[in-house]
2 protein chains.
Amino acid sequence: MTGQEVGPLRFQIDFSQPLYEQILDQVRSAIAKGEIGLGDKMPSVRELAQELRMNPNTVMRAYQELERDGLTEKRRGQGTYVTSSPERVKQFRTALAAQYIEAFMAQMESLGLTWDDIEQYVNHKSAADKGGADQ
Amino acid sequence: MTGQEVGPLRFQIDFSQPLYEQILDQVRSAIAKGEIGLGDKMPSVRELAQELRMNPNTVMRAYQELERDGLTEKRRGQGTYVTSSPERVKQFRTALAAQYIEAFMAQMESLGLTWDDIEQYVNHKSAADKGGADQ
DNA sequence: ATACGTGTATTATATCACTTAATACACTTA
DNA sequence: TAAGTGTATTAAGTGATATAATACACGTAT
């Protein structure tokens, strides 16, 4: 909770994904990891658009989703600010993590792999081959 | 390894994803889980297209990717057959699992969550809240 | 040889998501 | 008043996806 302006955000933009989605993901990450302080002022839509050489509309789309996430708040005529509520951030992170995990588990299930198989893979980078489909 | 024709495949198609990708994922899954026997004959492009009420070109796109995966083989004038090699299937499953896992780990990292956090979530559906970003 | 069923290639068209562009408006602060 | 906010609108272009209508080469069965 610094209340300062957000530092110079280092964005890594490519063409593998929609641009607005990359902004969204990277700002989400920066907030979740505390790289952006709570209450900080985000760069303005036009400012960020110019820095990233994008259209302001594209940046705005990302900003609107951030507000839907509850991670930012708009103040008319003033700008966009990161939420001051650590609970909001926690809550958001938990919800998104749950979503990622569910999707991941579904992928694993579709390959006939169990949680034990996954743990084996993670613990020592070798055979995720063991369960299911032994023909 | 039955060598039979593949049974009536139950496809679940919606509009949340490209159609060819849904076919691809579901056939991959069916092979990985052994629901489709090795060496089985796949339905023809036109046949499946009619059953799913899609354009043959769309089905063909999925079939072409399946062959790139090494999961199917084409026999000219005859049809498309599931590979007879269990090693191929194993290899494919391992590779795809690794890809899924890497992507998932990156997602978790972007939220500042560790592997321990994930295990906690999976073991008992509760707080993935603990590590990182405690502001 | 003929007919049929394979996979494949081609060309054209349509739709949709994404992005850019150029404005204009309402609000806040200096 | 002037400058900087977020926002809305309209128009246009691009690329991925999907459909449609053909046509071709190959293998098998008749």
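Note on naming: letters A, B, ... go to the chains in the order of the sequence lines (proteins, then strands), and numbering restarts at 1 for each one.
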Assuming nearest nucleotide by heavy-atom distance, tell me which of A:L19 and A:R46 is located more 5' along DNA chain C.
A:L19
Under the salt bridge (Lys or Arg N to Asp or Glu O under 4.0 Å) definition, can you give me all pairs with a residue in residues 59-70 of chain B, not counting sequence neighbours?
B:R28-B:D69, B:E67-B:K74
Backbone of A:S110 reached by a side-chain donor or acceptor of B:S29 within 3.5 Å:
yes
Residues two or more places apart in sequence or in another chain: which of them pass side chain to side chain donor-acceptor pair (under 3.5 Å) with A:Q12?
none
Sorted by chain and residue number, the salt bridge (charged side-chain N to carboxylate O under 4.0 Å, His left out) partners of B:E47 (sequence neighbours excluded) come out as none
So where does chain A start and stop touching DNA chain D, 5' to 3', when the test is distance under 4.0 Å to a non-hydrogen atom?
D:dG4 to D:dT9
Can you sort out the partners of B:E109 under side chain to side chain donor-acceptor pair (under 3.5 Å), two or more places apart, ordered by chain and number?
A:K33
So, using salt bridge (charged side-chain N to carboxylate O under 4.0 Å, His left out) as the criterion, who are the partners of A:R88 when residues are at least two apart?
none
Over how many whole Å does the gap from B:K41 atom NZ to C:dG7 atom C1' extend?
11 Å
Quick test: give all pairs of protein nitrogen or oxygen and nucleotides 28-30 of chain C nitrogen or oxygen below 3.5 Å, distance rounded to 0.1 Å.
{"residue": "C:dT28", "atom": "O4'", "partner": "A:R76", "partner atom": "O", "Å": "3.1"}

Does B:Q22 have any side chain to side chain donor-acceptor pair (under 3.5 Å) partners at least two apart in sequence or in another chain, and if so, which?
B:D14
For residues 85-119 of chain A, the ring pair (Phe, Tyr, Trp, His ring centres under 6.0 Å) pairs (sequence neighbours left out) are A:F104-B:F104, A:W115-B:W115
What side-chain donor-acceptor pairs closer than 3.5 Å can you find for residues 51-60 of chain B, not counting sequence neighbours?
{"residue": "B:N55", "atom": "OD1", "partner": "B:N57", "partner atom": "N", "Å": "2.9"}
{"residue": "B:N55", "atom": "OD1", "partner": "B:N57", "partner atom": "ND2", "Å": "3.3"}

Restricting to side chain to side chain donor-acceptor pair (under 3.5 Å), what partner residues turn up for B:E21, sequence neighbours left out?
B:Q17
Does anything in residues 54-67 of chain A reach DNA chain C, meaning a heavy atom under 4.0 Å, and if so which residues?
A:M54, A:N55, A:N57, A:T58, A:R61
